[in-house]
Amino acid sequence: MNNAELDFFIKTWGTALSVVIVGWILGVLLGKNPASRHKWFVIPALVLAVYSMLTAWIWLYYAIMFICLPFFIVSVVLAYLGYRASGTSKLLKTTWWLQGAALFIAFTSFVLLLIFDS
């Protein structure tokens, strides 16, 4: 891993870690009841799940480890915190479906890369 790759790796994983920390702080401080805390956790998880789904196909030079994976993990963590705050909701189920779609796209793209890589 050269310096540019290491710098990009640190920036993306650092951004993802910052999103988790800020989301958790906002959810705990501004979430007055479990329902509002649930929304503070699940809405960013939904946005990151959409981002992960859109970028899950990028396996070129395994860029998925830098572009998609950190934000997918953050989405899963925030969705779990939202589930613990107030149980399931339609918003959380939508987030889970988008996370599942991101996993499906990533694994399908990986298999196609392995099959058709020349």
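Side chains included, hydrogens not; waters and symmetry mates left out as well; all remaining heavy atoms used.
- With rounding to the nearest 0.5 Å, the separation of CD1 in Ile10 from CG in Asn3 is 9.5 Å.
- When side chains are defined from C-beta on, Phe72 counts as touching Leu103, because their heavy atoms get closer than 4.5 Å.
- Using a 4.5 Å heavy-atom threshold, the side chains of Phe110 and Ile64 count as separate.
- Across every non-hydrogen atom of Gly87 and His38, the tightest pair is O-CE1, 3.2 Å.
- When the side chains of ILVMFWY residues are joined at heavy-atom separations under 4.5 Å, either directly or via intervening members, Val74 and Val22 end up in two distinct hydrophobic clusters.
- Side chains of Trp24 and Phe41 form a contact here, defined as non-hydrogen atoms less than 4.5 Å apart.
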Run Ile67 and Thr12 through side chain to side chain contact (heavy atoms under 4.5 Å, CB included) and show every step you take.
CA-CA 7 Å; Ile67 297 172; Thr12 55; 5.8 Å; no
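- Counting non-hydrogen atoms of other residues, nucleotides and ligands closer than 6.0 Å to CH2 of Trp96 gives a total above 12.
- Put simply, Trp57 and Leu114 are part of the same group of oily side chains (I, L, V, M, F, W, Y) that touch within less than 4.5 Å, one to the next.
- In this structure, Trp13 and Leu17 have side chains that are not in contact, with every pair of non-hydrogen atoms separated by 4.5 Å or more.
- Hydrophobic clustering of Ile, Leu, Val, Met, Phe, Trp and Tyr side chains at less than 4.5 Å, counting indirect connections, unites Val19 with Leu91.
- Closest approach of Ala102 and Ala56 over heavy atoms only: O-CB, 3.3 Å.
- Judged as a side-chain hydrogen bond (donor to acceptor under 3.5 Å, both in side chains), and not counting sequence neighbours, Ser109 has no contacts.
- No more than 12 heavy atoms of other residues, nucleotides or ligands sit less than 6.0 Å from atom OH of Tyr83.
- Of the candidates Leu81, Val47, Leu92, Leu92 is the only one forming a side chain to side chain contact (heavy atoms under 4.5 Å, CB included) with Val42.
- When every heavy atom of Ala45 is checked against every heavy atom of Ala79, the shortest pair comes out as CB-N, 3.7 Å.
- Side-chain atoms of Phe71 and Val50, non-hydrogen and from C-beta on, never get closer than 4.5 Å to each other.
- Here the OG-CH2 distance, from Ser86 to Trp40, works out to 16.0 Å after rounding to the nearest 0.5 Å.
- With contacts defined as side-chain heavy-atom distances shorter than 4.5 Å, the pair Thr95/Ser75 qualifies.
- In the hydrophobic cluster analysis, where Ile, Leu, Val, Met, Phe, Trp and Tyr join through side-chain heavy atoms closer than 4.5 angstrom, Ile115 is grouped apart from Phe104.
- For the pair Thr108 (side chain) and Ile105 (backbone), a donor-acceptor distance under 3.5 Å is absent.
- For the atom pair Leu46 CG and Trp97 CH2, the distance stands at 15.0 Å (nearest 0.5 Å).
- Under the 4.5 Å side-chain heavy-atom criterion for ILVMFWY residues, a single connected hydrophobic cluster contains both Phe8 and Tyr62.
- Note that CZ of Arg37 and CG of Leu26 are 12.5 Å apart. Values are rounded to the nearest 0.5 Å.
- Pairing each heavy atom of Leu98 with each of Met53, the nearest pair is CD2-SD, 3.7 Å.
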